[in-house]
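Sequence lines set the chain letters: A, B, ... in the order given, protein chains first and strands last, and positions in each chain run from 1. Remember, predicted model here, so these are calculated numbers, not experimental data.
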2 protein chains.
Amino acid sequence: MGKKQVTFADIAEYTHFSKTTISRYFNHPDSLTLENQEKISRALDELGYKKNKLAKVLANGKSEFVGIIVPNLYLHYYSEMLTQLLATYANYHYKFLVFMSDKGAAEEENYIDELLAYQIEGLIVLSHTLSSEKLASYHIPIVAIERESMHISSVTSDNYMGALQATSLLIRDKCDILIHINVDVPKYVPAYDRIRAFEDTCTEHNIPYELSLNVSGDSYNDLFSQMKVIFNNIDEKYPDKKKGVFLANDTYANMFLNLVIQKYGCLPDSYEIVGFDNSPIANEAIIPITTIGQQIDVIARTAMDLLVKQMENRKQRKPEPDLAPTHKKIAPVLIRRETTS
Amino acid sequence: MGKKQVTFADIAEYTHFSKTTISRYFNHPDSLTLENQEKISRALDELGYKKNKLAKVLANGKSEFVGIIVPNLYLHYYSEMLTQLLATYANYHYKFLVFMSDKGAAEEENYIDELLAYQIEGLIVLSHTLSSEKLASYHIPIVAIERESMHISSVTSDNYMGALQATSLLIRDKCDILIHINVDVPKYVPAYDRIRAFEDTCTEHNIPYELSLNVSGDSYNDLFSQMKVIFNNIDEKYPDKKKGVFLANDTYANMFLNLVIQKYGCLPDSYEIVGFDNSPIANEAIIPITTIGQQIDVIARTAMDLLVKQMENRKQRKPEPDLAPTHKKIAPVLIRRETTS
DNA sequence: TTGTATGCGTTATCAG
DNA sequence: CTGATAACGCATACAA
C-alpha cells in the first residue's frame, strides 16, 4: 500500500479538467465531447485508475448490495437457489452478501444488522428462524423464498400443484393404496400444501391412503433407520396391494427405493415411488426416480424481480409508503423417470 | 427514505459531545468515562442509530470484505467449501462477496474488477479459468483452493496421500487387478497426484493395474453412458479376477456401483470400489461407498488463516513487500464403508 | 478525557 | 459543455 489509489483528483490534475468532469465521464459521458472523452480515457489507463464504488455509494446512497440469508448449502435446493440468485448478476448487477444461518434468531438478527450497516438495498430470506412480522419491521425491501411470509413478499413453489401431480400420477397408475411420507410440517409453512394436496386428491378419487408424518432426525443415518421401520410396516401391512409411495423429497425417496431393492433385488410392480425436488440424487439413484421438479431458476428470477421492484420504488422521489406484500407461486413440473410405470 | 439516517452528528448534538467522541465510543470506548459511555449509549437507541460501515471503510480503508470466486455450487465439494468459508465469519468477521464463474476468463476478470472496486481486502479463488500468474499480478492478498497455484498461496487436499490410501486398501484386500477411472487430468492440477499415487503404489507393490482416463462429458447421463462402456470392458476383460476399482470421485463410484448391481443384483466379492470426496452420494448409494474424505472444514480454515495473515501484513506500517507464496496440503481420511471388505 | 480540523473518493447542486 | 463547492458518514492527527 505504498502508493495510494489513483483518484478523480489525480485524473483531473493530469487532464486539466475538474473532478466533476471526470465523474461525468463515467455517469453522463454524452455530456462530454468525444475528444475530451478520449483524453480522459487515455489518462485513466495511463495512471492505472481503479474505481472505488464505496466512495460512490457514500455519495449517492445506492450500494447495489443485496443480502441473502440461507439456512445451509447442504440441501441441493438451497445451493441451486443460491446459484440461480447469483446468476441474476448478469441482469441486474446487484452484488450479493451471503450469510448462512441456522443457529437461531439472535445470530440472524446480528447478520441482518451487519447487512444493514453495509447499506444493503434489499434482502432475500430463505431461512426460517425469524418470523415475517419481525422481518417486515425492518422496513426494507425484502423477499422470502419458500417460507412463512404473512407480512412480506414471497415466492414459493406451488406445492399444492406439485403434490397433486404426484398423487394423480400414482392414481392413474392404478395404485391400490397411496402413502405419503413426510415430516410433520407446520401448517403455516408453504410445504404443508404437499400434505393437503395429497389428502384432497386421494379423497376426491376415493383412494385409500395413509399419512406417515413421523419422520425426523438430524443425520442421514438417523433418517435411514426410521425409513427402514416405515418401509417394513408398509411392506407387511399391504402385502398384495399395489403401493404408491409419495415422499417429501428425493433423499427420502432414494432411501425408500434402496430399501425396496435391498429386499427384492429390484423394484417390483407392486411399488411406485415419487419424490420431490428433482435433486441430483433422484437421477443418480440405482433406478432413476420420478419426481416433482421445482423450477428453481424461475423462482430465483421471480424473487429478484419482486425485490428489484421494491428497491426501485425506494429510489423514487415519491416512494409508495410500503406496498402490500406480493406472493407468487411457481408451478413445478412432473419429471417421469423409472420408478413409475 | 423520508428521514435520512441518524449520524454521529445527530448523536453529538443530542448528547452535547463532539462527533469525535461518538466515534471514540465505538473504537476506543475505554477512553470515555463510564458515565459518558452510558449517556451516549442511551442516545444511540433513543435516536435509533444504525452503523454505516461503508463510511467507516472510506475513512479508514479497511473494508472487511473478502471476495470468493467459485466455479459452481452443483458439486458438493464447492458448496461445502463455501459453507465452511462463510462459517469463518464467526472467527474473523470478514464479510464475503461471492461470485460464480465458469464462463471464461473475461467474465472472471470483470468480477475481480468489481470486487476490487468494492475494496476487498483479499480474494479466495476456487475457479480454474485464470492462471495463477494472472492472479498474482493483481497484487492483493489471495489464496487458491485446490487449483493451479504456482505464483500464489494455496491450500489443497493431499491428493497423493488420499489416492495412496485408497490404492493400498485395495491391495491389502487382495485385489488381483487395480483400475483407476478418471478424467484426463492435466499434470499441473493438484488432482493429478491421484493418478500419480495410484500408479506409484501399484508399481511399488507389483500389482497389475490399468488406467482409464477417458471419462468426459457435460451431463450426468453422458457420463453414465461412458461409464457403462468402461464397466462392460472391465467386466469382460477380467472375468475371474478380483477387481479393485478406484474412481476419481463419488459420483463416478456410484455410477459404477449401480452398474455392477444392475448386472449382478448385488456387489459380488470380485469387486471392490473406492470413491473420492465423501460426497453425500457415497453414503446414500444403494450400498454405502468406501471413499476418501477431504477435510473441507480444515481446508477452508487453513485458507482463511493464510489469507488473514496476508491481509494483516498489508495493514502494517512496514508491510513485507510480497511474501513468497505458501502452499499447504491437508491430509484426507479414508472412510471405510461397505464397498470394500 | 475531549474537541478541532482535515481527509477518504465520489456525487450533487448550482453557476457559468 | 464545464467548474467550484458542498455534501455523504466516519476516522484520525494534532491540540487542548
- prompt: Does a donor on one side chain and an acceptor on the other come within less than 3.5 Å for A:S157 and A:Q294?
  reply: yes

message: I'd like to compare against my own output: the B/S/- annotation of nucleotides 1-6 of chain C with a strict under-4.0 Å heavy-atom distance to protein.
response: SBBBB-

- request: Look only at the side chain of B:S41 and the backbone of B:Q37, and say whether a donor-acceptor pair between them is shorter than 3.5 Å.
  value: no

Sorted by number, the residues of residues 45-65 of chain B with heavy-atom contact under 4.0 Å to DNA chain C: B:L58, B:A59

- prompt: So, A:D305 versus A:Y92: side-chain donor-acceptor pair below 3.5 Å or not?
  reply: yes

field: side chain to side chain donor-acceptor pair (under 3.5 Å) partners of B:S101, counting only residues at least two apart
entry: B:E107, B:E108

task: Calculate the interatomic distance between B:I22 atom CD1 and D:dC10 atom C1'; express it in whole Å.
output: 12 Å

message: So which atom in B:A55 and which in A:L58 form the shortest heavy-atom distance, rounded to 0.1 Å?
response: CB-CD1, 3.8 Å

Polar side chain donor-acceptor pair, A:Y49 to A:Q5, under 3.5 angstrom: no

message: In this structure, how many angstroms lie between the P atom of D:dT2 and the CD atom of A:Q37, rounded?
response: 9 Å

task: Using five base pairs at each end, measure the axis-to-axis angle across the helix from C:dT1-D:dA16 to C:dG16-D:dC1 and round it to 10 degrees.
output: 30°

- prompt: Roughly, in whole Å, what's the span from OH in A:Y25 to C1' in C:dT10?
  reply: 16 Å

query: Any side-chain N or O of B:S23 under 4.0 Å from OP1/OP2 of D:dA11?
result: yes

task: Take the protein atom OH of B:Y118 and the nucleotide atom P of C:dG9, then report the distance between them rounded to whole Å.
output: 17 Å

message: Other residues, nucleotides and ligands only: do more than 12 of their heavy atoms fall within 6.0 Å of CD on A:E46?
response: yes

Identify every side-chain donor-acceptor pair in residues 79-89 of chain B under 3.5 Å, counting partners at least two apart or on other chains, and give the distances.
{"unit_1": "B:S79", "atom_1": "OG", "unit_2": "B:H76", "atom_2": "O", "d": "3.3"}
{"unit_1": "B:E80", "atom_1": "OE2", "unit_2": "B:Q84", "atom_2": "NE2", "d": "2.8"}
{"unit_1": "B:T83", "atom_1": "OG1", "unit_2": "B:S79", "atom_2": "O", "d": "2.8"}
{"unit_1": "B:T88", "atom_1": "OG1", "unit_2": "B:L85", "atom_2": "O", "d": "2.6"}
{"unit_1": "B:Y89", "atom_1": "OH", "unit_2": "A:E114", "atom_2": "OE1", "d": "3.3"}

Given A:F99, A:Y138, A:Y118, the one that forms ring-ring contact (aromatic ring centres under 6.0 Å, His included) with A:Y111: A:F99

- request: Round to a whole Å and report the spacing from CG of B:D10 to C1' of D:dC10.
  value: 13 Å

message: Nearest whole Å is fine: how far is D:dC10 P from B:I11 CD1?
response: 9 Å

statement: Between CZ of B:F26 and C1' of D:dG9 the distance, given in whole Å, is 12 Å

task: Under the side chain to side chain donor-acceptor pair (under 3.5 Å) rule, collect the residues that match up with B:Q295, sequence neighbours excluded.
output: none

field: Other residues, nucleotides, ligands: >12 heavy atoms within 6.0 Å of B:D218 CG
entry: no

